[in-house]
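Chain letters run A, B, ... following the sequence lines, proteins first and then strands; every chain starts at 1. From a predicted model like this one, the values you see are computed outputs, not experimental measurements.
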There are 2 protein chains.
Amino acid sequence: MANMHEIAKMAGVSLGTVSHVLNNTAKVREPKRTRVLEAVKASGYQPSQLARGLRRDTTNMIGMIIPDITNPFFPAVVRGAEDMAFSNGYRLLLCNTDNDHAKEIIHLNELRTYLPAGLIVIPSNFSDLTAQAESYRRAGTGVVCVDRLPKNWSGDSVTADNEAGAYNATRHLLQLGHTRLATITGPLHFTNAKERLVGFKRAMKEAKLHLSSDYTQETRYDKQGGHAKTLVLLGLVPRPTAIFAGNDMIALGALLAVHEAGLRCPNDVSIMGFDDLDLAETTNPPLSSVSQSGYQLGATAARLLLDRREGDIGPAKHIVLETVLNLRHSVAPPPEAAMGSSSMKRRPRSVQKRT
Amino acid sequence: MANMHEIAKMAGVSLGTVSHVLNNTAKVREPKRTRVLEAVKASGYQPSQLARGLRRDTTNMIGMIIPDITNPFFPAVVRGAEDMAFSNGYRLLLCNTDNDHAKEIIHLNELRTYLPAGLIVIPSNFSDLTAQAESYRRAGTGVVCVDRLPKNWSGDSVTADNEAGAYNATRHLLQLGHTRLATITGPLHFTNAKERLVGFKRAMKEAKLHLSSDYTQETRYDKQGGHAKTLVLLGLVPRPTAIFAGNDMIALGALLAVHEAGLRCPNDVSIMGFDDLDLAETTNPPLSSVSQSGYQLGATAARLLLDRREGDIGPAKHIVLETVLNLRHSVAPPPEAAMGSSSMKRRPRSVQKRT
DNA sequence: CGTTCTATTTGAAAGCTTTCAAAGGAGTCG
DNA sequence: CGACTCCTTTGAAAGCTTTCAAATAGAACG
């Protein structure tokens, strides 16, 4: 591929002039200017991002570190980030950590040597990000945390309003008449799991309902966990009539367990999810869930990074995105209340409630 | 961050020696060797990938170009590729094209300037990849096509055995007694859609069944398309008793349409999908589908790329991965046949059939 | 036309590695 | 001890861009 030297020769100008034309970094008078542009077009020249990055001390790559692209919540986040990045001339370097803190460190250390424009990170378990990010920031590279925060994080972040989302979802269950509400949380060392639990408890407290410790179970954010913990909950006496799941994967496992136990959802047990993944629409019954936009999360994080890069120097920003309660058919009044109620009324496919 | 000069100074050796120690590119005698290693450890030095790439004329990045990470089939492919890449010291630069051929070209042109170790591409609509790949190959950069092939592709590729998968799925439907089989294909300019249709037709022909042209519909690989075309199919007289969907998203739309039309799946209409996405397990009823491993697709492609890089110079390889028919509850014998049959028997959760 | 000033243009340096030819050192043999 | 060989080590060049100081060209003015 052609390099700048050749362009310079073709256009009969010096190296510096070519660079100035390409980067608008100095005025170049007319005859030369077009000659350069034409040479570029004719040769299909594109500047080497490597050489450019080396010289400028920064590239147009954004490093994105996530637990696992295979987890259905993350693709939207990545896509949101990629779209915002791409339309501003940046590219995404994707790294999966599997929530493995050692793998995260490998990525953080290596990414540095690419001189990325910034980092978007969904931190792993027990992430060491706070320390590492400090060194990035000293080098002038922004780091934004998304979805959940590592210990002592004081930098930029974009998260959903987990507490409000959980609170509203729980209130909805309470308003339907449930009094025996249980919750299956994600791993409580994740800030998002913790916040959702706080929201849940706040709603319970407001309703002056006691929460037996059996009624809150903690597990991994997956179907297996949801399944296992639901079996535990269903074995309790008295049995909960509603389960607030820490995310949709847990809810999915819960749904499965309820069916396996020979119970019906929502008739016997209501199930509420969190995330509102695409699959929530197609489960049986369709899942009610707290909707958060992964796409917005990612796009906002990338935007924040770009703003920083364009000179926005200011205190750390903690952007919190609203959630929406998306009601489908997996929640209904509790069995006793349902007797006399109108549970057989025609139900709309899906209803949204702002939270 | 420290650079090689500092390491050299710290260890009291020359620049070249540091490089030799780091790359094992020449024997370095003992006292110096350890001094270098220690200096590296003490300073946390990591070589600049930019400078290294510039000098070596190639980096450890693999460019991965896919239509849309948000489409549930692709994350597994990406993950497979990333795992294989990561464990061999390579990293993934991810690009979404939205099947937009212009966007694909932008990515192909720009990626070149990163001097990537190779490219893994799921080509977009009307992809121009064949021409572009030629120029990559001239530069010694491998390009592997995954999942489907662009026009006139003669380079390396990794795909599923779409035809056999479709053939076996169709045969299964035939064996259940269906005679009115319809299919909703993906866009037929995609090789995978075309191959699946060929497999379907081959099975039909073997069964000596006539295929009315109404009975094959083409649409985009998504839920909306599946929904719309299913409504068309259900309006035909006589109505098909089984629908072979070009992929699971189409099948999902079909499922929806069947329910909306007041029919039951599988009692009135059997539905067979392709891909066997995670969500196939949780639809209502759980979807029977031709299972192909996206993960294997991606991992195999990355492996192929690395082999090439390590010197495997030989004719183009076309790796074709087997599929497995994964039977769940969305297929059953046709209504007439079901009358006297044992459709009420207890059904296992899921059954696999090698294809 | 000569000066002076401003606007363009240039060439070289720098950014960090790898690699190659050359220099240096150590060991062997006579 | 000298010559020779072979193994280590070195320093400089190259890879491609950006950027800065310096040089040149052009314009305005007298």
Side-chain angles (χ1 to χ4, degrees), chain A residues 1-37 39-40 43-61 89 110-117 139-141, chain B residues 1-37 39-40 43-61 89 110-117 139-141:
Chain A
M1 244 272 272
N3 61 17
M4 263 179 67
H5 272 100
E6 304 191 27
I7 302 294
K9 209 182 303 171
M10 284 170 75
V13 300
S14 80
L15 220 53
T17 303
V18 176
S19 177
H20 288 314
V21 171
L22 259 44
N23 300 302
N24 265 319
T25 152
K27 234 164 217 154
V28 174
R29 255 203 244 94
E30 213 15 272
K32 307 204 170 184
R33 185 180 173 68
T34 23
R35 285 217 307 275
V36 170
L37 258 21
V40 167
S43 65
Y45 167 77
Q46 292 208 265
S48 158
Q49 295 289 341
L50 293 183
R52 177 175 274 187
L54 187 58
R55 184 62 239 251
R56 286 192 182 160
D57 211 40
T58 180
T59 65
N60 68 341
M61 285 183 271
E110 181 174 327
L111 276 177
R112 201 195 314 272
T113 71
Y114 284 113
L115 305 179
T141 308
Chain B
M1 245 272 271
N3 60 17
M4 264 179 66
H5 272 101
E6 303 190 29
I7 302 294
K9 209 182 304 172
M10 285 170 74
V13 300
S14 80
L15 220 52
T17 304
V18 178
S19 178
H20 288 314
V21 171
L22 260 44
N23 299 302
N24 266 318
T25 152
K27 233 162 218 156
V28 173
R29 253 202 246 96
E30 214 13 275
K32 307 205 170 182
R33 184 182 173 69
T34 22
R35 285 218 306 275
V36 169
L37 258 21
V40 167
S43 65
Y45 166 77
Q46 292 208 265
S48 159
Q49 294 289 344
L50 292 185
R52 176 174 275 189
L54 187 58
R55 185 61 240 248
R56 287 191 180 161
D57 211 41
T58 181
T59 65
N60 68 342
M61 286 182 271
E110 181 173 327
L111 276 177
R112 201 195 315 270
T113 72
Y114 284 113
L115 306 180
T141 308

Peer 1: When A:Thr17 is tested against each of A:Ile7, A:Leu22, A:Val28 for side-chain contact (heavy atoms from CB on, under 4.5 Å), which residue passes?
Peer 2: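 Answer after filtering A:Ile7, A:Leu22, A:Val28: A:Val28.
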Peer 1: Could you walk me through whether A:Asn60 and B:Glu110 pass side-chain contact (heavy atoms from CB on, under 4.5 Å), step by step?
Peer 2: CA-CA 11 Å; A:Asn60 68 341; B:Glu110 181 173 327; 3.0 Å; yes
Peer 1: Nearest whole Å is fine: how far is C:dT8 P from A:Arg35 CZ?
Peer 2: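 Distance, rounded to whole Å: 16 Å.
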Peer 1: Distance check needed: D:dC16 C1' versus A:Tyr45 OH, whole Å only.
Peer 2: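 Computing the A:Tyr45:OH to D:dC16:C1' distance gives 7 Å.
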Peer 1: Can you see if the side chain of A:Ser19 gets near the phosphate of D:dT18 - specifically, an N or O under 4.0 Å from OP1 or OP2?
Peer 2: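 Answer is yes, contact under 4.0 Å.
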Peer 1: If I compare all heavy atoms of B:Arg52 with all of B:Pro47, which pair ends up nearest, and what's the gap?
Peer 2: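 Where B:Arg52 meets B:Pro47 most closely, the heavy atoms are NH2-CG, 3.4 Å.
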Peer 1: Between C:dT18, D:dT8, D:dT17, which nucleotide gets closest to the side-chain atoms of A:Leu15?
Peer 2: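 When the side chain of A:Leu15 is considered, D:dT17 is the closest of C:dT18, D:dT8, D:dT17.
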Peer 1: Starting from C1' on D:dG15, measure out to CZ on A:Arg52 and report it in whole angstrom.
Peer 2: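 For the pair A:Arg52 CZ and D:dG15 C1', the rounded distance is 16 Å.
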Peer 1: Can you check side-chain contact (heavy atoms from CB on, under 4.5 Å) on A:Met61 and B:Tyr114, steps first, answer last?
Peer 2: CA-CA 10 Å; A:Met61 285 183 271; B:Tyr114 284 113; 3.7 Å; yes
Peer 1: Among the candidates D:dC16, C:dT19, C:dT10, find the nucleotide nearest to the side-chain atoms of A:His20.
Peer 2: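 Of the options given, the side chain of A:His20 lies nearest C:dT10.
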Peer 1: OP1, OP2 of D:dT10 versus side-chain N and O of B:Lys32: anything below 4.0 Å?
Peer 2: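 Result: yes.
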Peer 1: What is the separation between atom CG on A:Leu50 and atom C1' on D:dT17, rounded to the nearest whole Å?
Peer 2: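 Result: 11 Å.
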Peer 1: Starting from P on C:dA14, measure out to CG on B:Asn3 and report it in whole angstrom.
Peer 2: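 That distance rounds to 14 Å.
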Peer 1: Nearest whole Å is fine: how far is C:dT19 C1' from B:Leu54 CG?
Peer 2: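 That distance rounds to 14 Å.
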Peer 1: Of the candidate nucleotides D:dT18, C:dC16, D:dT17, which contains the atom at the shortest distance from the side chain of A:Asn23?
Peer 2: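 My answer, after comparing the listed nucleotides, is D:dT18.
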Peer 1: So if I take every side-chain heavy atom of A:Arg56 and compare against C:dT8, D:dT9, D:dT18, which nucleotide ends up nearest?
Peer 2: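 Per side-chain heavy atoms of A:Arg56, the pick is D:dT18.
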Peer 1: How close do B:Leu111 and B:Pro116 get, heavy atom to heavy atom, and via which atoms?
Peer 2: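 Result for this residue pair: O-CD, 3.1 Å.
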Peer 1: Across the strands shown, which category fits B:Asp57 at heavy-atom distances under 4.0 angstrom: base, sugar-phosphate, nothing?
Peer 2: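 Since no nucleic acid heavy atom lies under 4.0 Å of B:Asp57, the category is nothing.
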Peer 1: Just how far, in rounded Å, is P of D:dT17 from CG of B:Leu115?
Peer 2: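 Answer to the nearest Å: 10 Å.
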Peer 1: Ignoring hydrogens and angles, answer whether the base of C:dT18 and the side-chain atoms of B:Arg55 contain a donor-acceptor pair closer than 3.5 Å.
Peer 2: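 Answer yes: a donor N or O sits under 3.5 Å from an acceptor.
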Peer 1: Between D:dT9, D:dT17, C:dT9, which nucleotide has the shortest distance from any of its atoms to the side chain of B:Val28?
Peer 2: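 Closest nucleotide among those given: D:dT9.
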Peer 1: Of the options C:dT9, D:dT8, D:dT17, whose atoms approach the side-chain atoms of A:Arg29 most closely?
Peer 2: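 When the side chain of A:Arg29 is considered, C:dT9 is the closest of C:dT9, D:dT8, D:dT17.
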Peer 1: Check the phosphate of C:dT9 against A:Ser14, side-chain N and O only, distance under 4.0 Å to OP1 or OP2. Yes or no?
Peer 2: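 For A:Ser14, the contact criterion (side-chain N or O under 4.0 Å from OP1 or OP2 of C:dT9) is not met.
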Peer 1: Could you check how far CD1 of B:Ile7 sits from P of C:dT18, rounded to whole Å?
Peer 2: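 Distance, rounded to whole Å: 12 Å.
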